[in-house]
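Residue numbers begin at 1 in each chain, while the letters A, B, ... track the order of the sequences.
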There are 2 protein chains.
Amino acid sequence: MTTGKTTTSRPSGSSRPERQRDPERTKAELLQIATEVFAQDGYSGARVDEIAERTSTTKRMIYYYFGGKEGLYLAVLENAYQGIRAAEQGLDVTGLEPVAAIRRLAELTYDYHVEHPEFIRLVSIENIHRGEFIRRIDALRSIANPAAALIDNILSRGRDDGSIRHDVDRIDVHMMISSYCVFQVANQHTFGHLFGRDMGDESMRPHHRAMIGDVIAAWVATPLVTAPR
Amino acid sequence: MTTGKTTTSRPSGSSRPERQRDPERTKAELLQIATEVFAQDGYSGARVDEIAERTSTTKRMIYYYFGGKEGLYLAVLENAYQGIRAAEQGLDVTGLEPVAAIRRLAELTYDYHVEHPEFIRLVSIENIHRGEFIRRIDALRSIANPAAALIDNILSRGRDDGSIRHDVDRIDVHMMISSYCVFQVANQHTFGHLFGRDMGDESMRPHHRAMIGDVIAAWVATPLVTAPR
DNA sequence: CCTCCTTTGAACTATCTAGTTCATACCTTA
DNA sequence: TAAGGTATGAACTAGATAGTTCAAAGGAGG
């Protein structure tokens, strides 16, 4: 089917203003732009050509370095999760009483989420796809989660000194905090529209931040008996 | 460019085994299948041809009744939201003390969410699109939300009898409950994978259901002073 | 400085997909 | 029962899109 396509445009000998060769830079740029575009439009919605156009390189490089759209998306996902892992490693609640520490942790988690909406969007997108991609990223399998470990540590201290109830585990706590923080970003458009509260409004942040702290603190400090006797 | 295409196949006179004519049924079937497919694959991921193939009618009808893919998606969204509105109208917490009532409401909300995952998926999808479609559905604009009204009612009673704190409003409460319930469904794939807890596991439901009840009850019943003096 | 491997560029193509067109059967109503 | 509107079917098409191919420039090693 090889039609004409005889001479490929560029007059031989013309000096190409070729970019400096730098594989790492090229890969990093593709990854960054791809992160933006996938977070913006979703996996199906994202266009490989658009990603390429927004970089200083070409679509060819996506196939050269990442194998294709799917490989690029996998790389984007992994990179994003490595980012939050790194951030979690920086969490510091030393010197606080257990309940205060867990309140602090909730508030810091809130901060991270509102500051990284594109990460939350990638997580949402991945869930729309039922986690089919993340499941295939070996690097994310069974890697200890810094935040969960920190929660575990706080809960232990609190149980020992009697300030925290015994029937909540680290996953419960992490799930509760994540639910709220993710929702703030992931569902802001429908919730904001239907209930008239713009969760993206910066002036609301102190209120929303304090809320998750209050909720978590009130919950974990609650004694087992729910009704006073 | 009108090429051949002279006689269009079917021999004239052949009796077509045509389906019973029933516009309402045709529209309803399209809407239902479209809901499944959009919830399954997202807006960009959904294929008009696939929707058509899974019905007993044809793609032509999508364009005839809904104008196109977008119109069909708008109809699906509106229909789904009308569904949850109707469900909320059936919520009943009469005869309960304010704190018990709000705990009950949280648990009933949890039940609805886990029983309607496809609705949650549509909400997630709509948020990926930044609410651009829902904003255009006039029927969903400023319609009173039954659940929010109910919360308002409970909070009033609780404030009057002193059992509920004064500094949380109905939107705060609704947001907190929704966060948790939506997360249970919307983020089950990534969370389950990364933390080893399958939120879809039915045996976990009583635990997860009780959790949001406990959290909300502990929170709204907390007195304003956070530290004892 | 010649050769070969790595990296990059630009055009090309097969396929998929939303949307359209033409044709026609059914049904209501006058 | 004739006519015109409504409902439905099947094939078609223009455009978009992921992926490929040809080609060549840069640099390293001999």
Side-chain angles (χ1 to χ4, degrees), chain A residues 1-30 33-34 37-38 41-74 76, chain B residues 1-30 33-34 37-38 41-76 133:
Chain A
M1 199 69 66
T2 40
T3 51
K5 201 212 337 193
T6 45
T7 51
T8 19
S9 64
R10 186 169 351 95
S12 63
S14 83
S15 73
R16 170 161 31 179
E18 191 155 343
R19 229 159 54 76
Q20 295 306 313
R21 299 198 159 205
D22 188 343
E24 292 312 311
R25 209 191 85 87
T26 298
K27 276 188 273 189
E29 190 190 1
L30 281 170
I33 301 292
V37 176
F38 280 120
D41 301 329
Y43 181 74
S44 310
R47 299 295 164 223
V48 174
D49 285 294
E50 187 196 340
I51 294 170
E53 268 162 35
R54 285 171 55 170
T55 65
S56 58
T57 180
T58 67
K59 185 165 62 158
R60 179 68 181 75
M61 294 299 95
I62 291 171
Y63 290 87
Y64 187 74
Y65 288 120
F66 299 98
K69 182 179 187 177
E70 189 175 308
L72 181 59
Y73 177 69
L74 288 170
V76 163
Chain B
M1 197 70 67
T2 41
T3 51
K5 199 207 345 186
T6 45
T7 50
T8 20
S9 64
R10 185 168 352 90
S12 64
S14 84
S15 73
R16 169 160 33 177
E18 191 155 345
R19 227 159 55 76
Q20 296 305 313
R21 299 200 158 205
D22 189 343
E24 291 313 311
R25 212 192 82 88
T26 299
K27 276 189 271 188
E29 190 190 0
L30 281 170
I33 301 292
V37 176
F38 280 121
D41 302 329
Y43 181 74
S44 311
R47 300 292 164 227
V48 175
D49 285 293
E50 187 196 340
I51 294 170
E53 269 162 35
R54 285 171 55 170
T55 65
S56 58
T57 180
T58 66
K59 185 164 64 156
R60 179 68 181 74
M61 293 300 95
I62 291 171
Y63 290 86
Y64 186 73
Y65 288 119
F66 300 97
K69 183 179 187 178
E70 189 174 309
L72 181 58
Y73 177 69
L74 288 171
V76 163
F133 296 103

If I take atom CZ in residue B:Arg60 and atom P in nucleotide C:dT21, what distance separates them, rounded to the nearest angstrom?
10 Å

Look at the side chain of A:Lys69 and the backbone N and O of A:Ala46, then say whether any donor-acceptor pair between them is shorter than 3.5 Å.
yes

Here the residues of residues 62-71 of chain A within 4.0 Å heavy-atom distance, strictly under, of DNA chain D are A:Tyr63, A:Lys69

No-hydrogen, no-angle side-chain donor-acceptor test under 3.5 Å, B:Glu29 and B:Ser56
yes

Classify the angle between the aromatic ring planes of B:Phe38 and B:Tyr43 as parallel (below 30°), tilted (30 to 60°) or perpendicular (above 60°).
parallel

Between C1' on D:dG26 and CE on A:Met61, what's the gap in Å once rounded to a whole number?
13 Å

Heavy-atom side-chain contact between B:Phe66 and B:Leu74 under 4.5 Å:
no

Can you tell me if B:Arg60 uses its side chain to pair, donor with acceptor, with the backbone of B:Thr57 under 3.5 Å?
no

For DNA chain C, which residues in residues 43-54 of chain B have a heavy atom at a distance below 4.0 Å?
B:Ala46, B:Arg47, B:Val48, B:Asp49

Considering non-hydrogen atoms only, spot the tightest contact between A:Ser44 and B:Ser44 and give its length.
CB-CB, 3.9 Å

Minimal heavy-atom distance between A:Leu72 and A:Leu30, with the atoms involved, is CD1-O, 4.4 Å

A:Lys59, nearest nucleotide to its side chain (from D:dA10, D:dA18, C:dT8)
D:dA18

Between B:Thr26 and D:dT8, does any side-chain N or O lie under 4.0 Å from OP1 or OP2?
yes

Measure the spacing between NZ of A:Lys59 and CD of A:Glu53 and express it to the nearest 0.5 Å.
9.5 Å

How long is the line joining CD of A:Glu24 and C1' of C:dT8, in whole Å?
16 Å

Interatomic distance where OH belongs to A:Tyr73 and P belongs to D:dA18 [whole Å]:
15 Å

